[in-house]
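Notes follow the structure.
The model shown is predicted, which means the values in this text are computed figures rather than measured ones. Residues take their numbers from the sequence shown, with the count starting at 1.
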Amino acid sequence: MAEGQAHHHRSTLKQQNKKFKSKHATKKSIRNAAKGRIASPSSKTSFSLSSSAQLRLNRRNTAKQAQTNKRLSLASGTQIFSGVNGAPRIVAVIPLTQDVCARRVVISLAESLQMSADDCPDIGVWRMSVERFRTSLQFINVPYKNFYAALDACKIADYVVFVLSTTVEVDPWGDTLLRTLQAQGLPDVVSVVPQDSVVDAKTRSGVLKSLLSFMRYFVPSQSRIFDLYASPDRLNALRALAEGKPGDVRWREGRTWILGESVSWEGGTLKVTGTVRGSSLSANRLVHLPNYGDFQVCKIESAPLPRVSKSGITMEMDSVVLLAEPEPSEVDSLVSSNDPDDLLNEQTWPTEEEMNQHYDNPEQTSLPDATKGTKIKRVPKGTSEYQAAWIIDQSDEEGDDVEPGGEEEEANASDGSVEEEMEVIMEDKETEIENPRSVDHEDLDAEEEEKQLQRWKDRRREEETDHAFPDEIDTPRDQFARVRFQRYRGLQSFRTSPWDPFENLPRDYARIFQFEDFKRTENKIRKRAEADTSVVEPGTRVSVYLKDVPQEVPASGPMILFGLLQHEHKITVLNFAVQRNTEYDESVRSKDPVVLCVGPRRMRVNPIYSQLTHGGGKGSNNVHKFERYLRHGVTNVATVYGPVTLGKQPCILLRETADIQAPHLVATGSFSNPDTTRIIAKRINLTGHPFKVHKKSATIRYMFFNSEDVNYFKPIQLHTKYGRIGHIMESLGTHGYFKARFDGPLNQMDTVCMYLYKRVYPRWWQLWKTDNRPALVEDAMEE
């Protein structure tokens, strides 16, 4: 160490004292410390109030905001009903038993306000002004056992009053009506017991509890049954109808409806007067009258009610004003289907006339010219003339005549030779040509005929057989399988094998409309409807003039009018996801006639049912399996032709009976999509029996009965019920035996299957009318 330099030890302690932290930080220091971060509401910061007090204040503020929003929603929902000239609340009064009356219920409600209801009709519309609650009620009295009138009344009602009896139980008709209305969508429900019900005071409370339990099964929101015998209950029932906001029915959102208070004819046009409800009414859109169809609007005029002063003096009515007229460039057309052009839409599929022809030689494309003389044919002994008509000789194929007494034909197979005794049948060609289908026929006696008819009608047995052996059918022995199943094809993979959705389409497909993107089209239609300015707002009392309405429409009584959205008049293919009614036990088969209720429409259809693919997938080819029967507990897709419907519309399938006002509820569901490329493939299963088995090879019989059919279906893959996959190697003999090879050893007890598919289509729809003859099940047969 240099002299004069002080000694210094290196410090071993690295202590750093904390910096001085001021109690009051500046804004700049806080901003620098945050480095751009924003504190979350839940983070703990310094408040002037304590943490618990702040949380309590937040809860109070949230509850106050929710209360304010609820009040605003209630005010906006009831604003259309407020005031003297406000729209009336529509109340549908529906009796569920025969001993109650809708008119008596309305009279009891009017008596609670000391009002007279002597002019209230038994059937129809009656309006009552309720000054105490500053509103008005419009009652629709529906008679007992008028099924479709009850459905229509509930479609437009704000409230539904179900009238129950204290002495008579609800019969099956009332139960079916409640189930149907539940599937259709119900507004707010008020259940009452009439004033003149005869029950003593001791048992009355127990009866009311039982009725409440019954109604809660269909309407779980029911809290009480109003007993109109008691004066307070009459007033409370009226208060439930006159106060509050009516419940929303989802399928009615964005739609317009009018309850026609008066109907009249003026200069050949139908005039319907009522109040616009729901959405705004456009003169450019079509309107639908239940049971009569779609019509164009001629004009819309105002129809104000006579004003009443405070002193009760009726003043003159305001002048009538033209509110809206259709614009020629924007009005919807009544054209619902296309006019098919046979040359433009030419298909390669043979016509029905060609399909019904019988060819003695399958290789020929037309029947050969008839020649006079006698034809000689060799057939096995014991063969009838009818069976002989389907047998093709070697001589027939070669076109050579055979002399009587020729040598018998031998059929050589790989497992041996089979000899058949043959006999000669002399056939008169002239007789055969004149009547090619003539056979010996002997009528059965009446008892046997009735027995066979009942066996044919035993649909339940057919359904059980189809459930136990799905899609299995027997190959006909009196007809070539290649002719009987010529419309079917084989698929290697049901979900991925290509299938062109535009090949071999029926004529009805040339009449329908197709949407490129249905969801996008629906959104554009709704946005265009909201932006339309030439409309009549809800709550306005108007007179709608409809043109080209048939004279069969009555000019008296109430009428319901529904506004349609754009394109809802066009016909297309509609698909509905449906499920069977658990209370209906009869057989429901594809193409059975039913009444389809969807939205404001009712139509007669013959739907075909198909599988609803789990998870929403449809495969790469959009092929779905056809279902012969609609079964319990399974959701299927019902496909029909019909007008386009927008939105998630509920659907109901009804089966008509001899009493048109007492149908059976078959199934319920909702609208899925209008997919015209959805391929519904009907599957049949041809089964065969392993006659001889040698490891992976086997001789199969009973699937076909001639070698030509074996060669025709040779390219199609085979399956077994135990999971083996194989294919036909070669035909053996002439009786339909063939050799097949599989991917593994075959069990002798296994069954060989061949699956064939063809595309099926529904039948054309028809508008439902009450004067039409009910289409019973026996009138429809599966093709």
Side-chain angles (χ1 to χ4, degrees), residues 347-350 355 466 469-473 475 480-506 508-509 514 516 573 575 577 590 608-628 634-639 672-688 696 700 703-704 709-731 738 740-744 746 750-762 782-783:
Q347 296 288 333
T348 59
W349 199 257
M355 294 292 297
D466 182 75
F469 307 98
D471 306 322
E472 287 191 16
I473 64 172
T475 305
F480 294 120
R482 60 188 182 277
V483 176
R484 170 64 180 84
F485 307 121
Q486 58 184 323
R487 289 192 177 185
Y488 290 82
R489 68 179 65 184
L491 295 178
Q492 185 175 7
S493 174
F494 187 77
R495 295 296 177 192
T496 60
S497 295
W499 194 320
D500 187 2
F502 300 103
E503 67 172 349
N504 300 330
L505 296 177
D508 289 337
Y509 255 63
Q514 182 178 0
E516 184 178 356
V573 176
N575 298 307
S590 287
I608 56 176
Y609 306 107
S610 58
Q611 286 184 350
L612 178 63
T613 308
H614 297 288
K618 58 182 181 180
S620 59
N621 53 6
N622 198 13
V623 177
H624 304 264
K625 184 180 177 298
F626 169 82
E627 291 291 337
R628 287 176 170 82
V634 180
T635 302
N636 292 124
V637 176
T639 302
S672 296
N673 54 56
D675 189 4
T676 58
T677 61
R678 177 186 175 92
I679 299 174
I680 302 177
K682 179 180 179 180
R683 186 181 75 174
I684 60 173
N685 181 13
L686 304 182
T687 58
K696 297 182 179 181
I700 311 300
M703 182 178 290
F704 305 107
D709 287 344
V710 174
N711 295 328
Y712 181 85
F713 292 99
K714 188 175 181 180
I716 300 178
Q717 199 174 56
L718 300 176
H719 302 266
T720 70
K721 293 189 175 182
Y722 287 174
R724 298 300 181 191
I725 298 176
H727 59 276
I728 299 175
M729 299 293 294
E730 59 179 344
S731 175
F738 61 88
R741 186 170 182 83
F742 298 88
D743 58 350
L746 191 66
D750 205 347
T751 303
V752 181
C753 306
M754 176 181 289
Y755 296 124
L756 302 176
Y757 303 89
K758 78 168 181 178
R759 187 176 180 181
V760 293
Y761 306 90
E782 185 180 356
E783 291 183 353

Does the pair N621 and I679 meet the rule for a side chain to side chain contact (heavy atoms under 4.5 Å, CB included), with working shown? CA-CA 8 Å; N621 53 6; I679 299 174; 5.9 Å; no
Test item: K625 side-chain N/O and A681 main-chain N/O as donor-acceptor pair under 3.5 Å: no
With rounding to the nearest 0.5 angstrom, report the CD1 to CD1 distance, I684 to I473. 4.0 Å
Is the centre of the Y712 ring less than 6.0 Å from the centre of the F704 ring? no
Any heavy-atom pair between the side chains of I725 and H719 that's under 4.5 Å? yes
Do N685 side-chain atoms and C753 backbone N/O form a donor-acceptor pair below 3.5 Å? no
Testing the basics here: between N711 and S731, what is the closest heavy-atom pair and its distance to 0.1 Å? OD1-CB, 3.9 Å
For F713 and F485, take the angle between the two ring planes, folded into 0 to 90°, and tell me which bin it lands in: parallel under 30, tilted 30 to 60, perpendicular over 60. perpendicular
Sidechain-backbone polar pair: D750 side chain, T720 backbone, donor-acceptor under 3.5 Å: no
Are the side chains of R678 and S610 in touch, meaning some heavy atoms are under 4.5 Å apart? yes
If we ignore hydrogens and angles and just use 3.5 Å, is the side chain of N622 paired with the main-chain N or O of T677 as donor and acceptor? yes
Should V637 and H624 count as side-chain neighbours, where that means a heavy-atom distance under 4.5 Å? no
Point-to-point distance, once rounded to the nearest 0.5 Å, from CD1 of I700 to CG of L746: 6.0 Å
If you measure from NE2 on H727 to CZ on F742, what distance do you get to the nearest 0.5 Å? 9.5 Å
List the atom of D471, the atom of R628, and the distance in Å for their closest heavy-atom pair. OD1-NH1, 2.6 Å
Any side-chain heavy-atom pair from T613 and R495 closer than 4.5 angstrom? yes
Side chain to side chain contact (heavy atoms under 4.5 Å, CB included) for I728 and M754? Distances and angles first, verdict last. CA-CA 11 Å; I728 299 175; M754 176 181 289; 4.0 Å; yes
For K682 and Y488, run side chain to side chain contact (heavy atoms under 4.5 Å, CB included): C-alpha distance rounded to whole Å, both residues' side-chain angles, the deciding distance at 0.1 Å, then the answer. CA-CA 9 Å; K682 179 180 179 180; Y488 290 82; 4.0 Å; yes
Please tell me if the side chains of L491 and W499 come closer than 4.5 Å, counting only heavy atoms from C-beta onward. yes
pair K714-F738: side-chain heavy atoms closer than 4.5 Å: no
So how far is it from Q514 CD to D675 CG, rounded to the nearest 0.5 Å? 8.0 Å
Would you find a donor on one side and an acceptor on the other, under 3.5 Å apart, between the side chain of T639 and the backbone of V573? no
Can you check side chain to side chain contact (heavy atoms under 4.5 Å, CB included) on F494 and R683, steps first, answer last? CA-CA 10 Å; F494 187 77; R683 186 181 75 174; 6.0 Å; no
Contact summary for S672 and A577, nearest pair of heavy atoms: OG-N, 3.4 Å
Rounded distance (nearest 0.5 Å) linking atom CD1 of I608 with atom CG of N636: 12.0 Å
Report the relative orientation of the aromatic rings in Y755 and Y757; use parallel for angles under 30°, tilted for 30 to 60°, perpendicular for over 60°. tilted
Do N504 and R759 have side-chain heavy atoms sitting under 4.5 Å apart? no
Find out whether D743 and K696 are in side-chain contact, i.e. whether some heavy atom of one side chain is under 4.5 Å from a heavy atom of the other. no
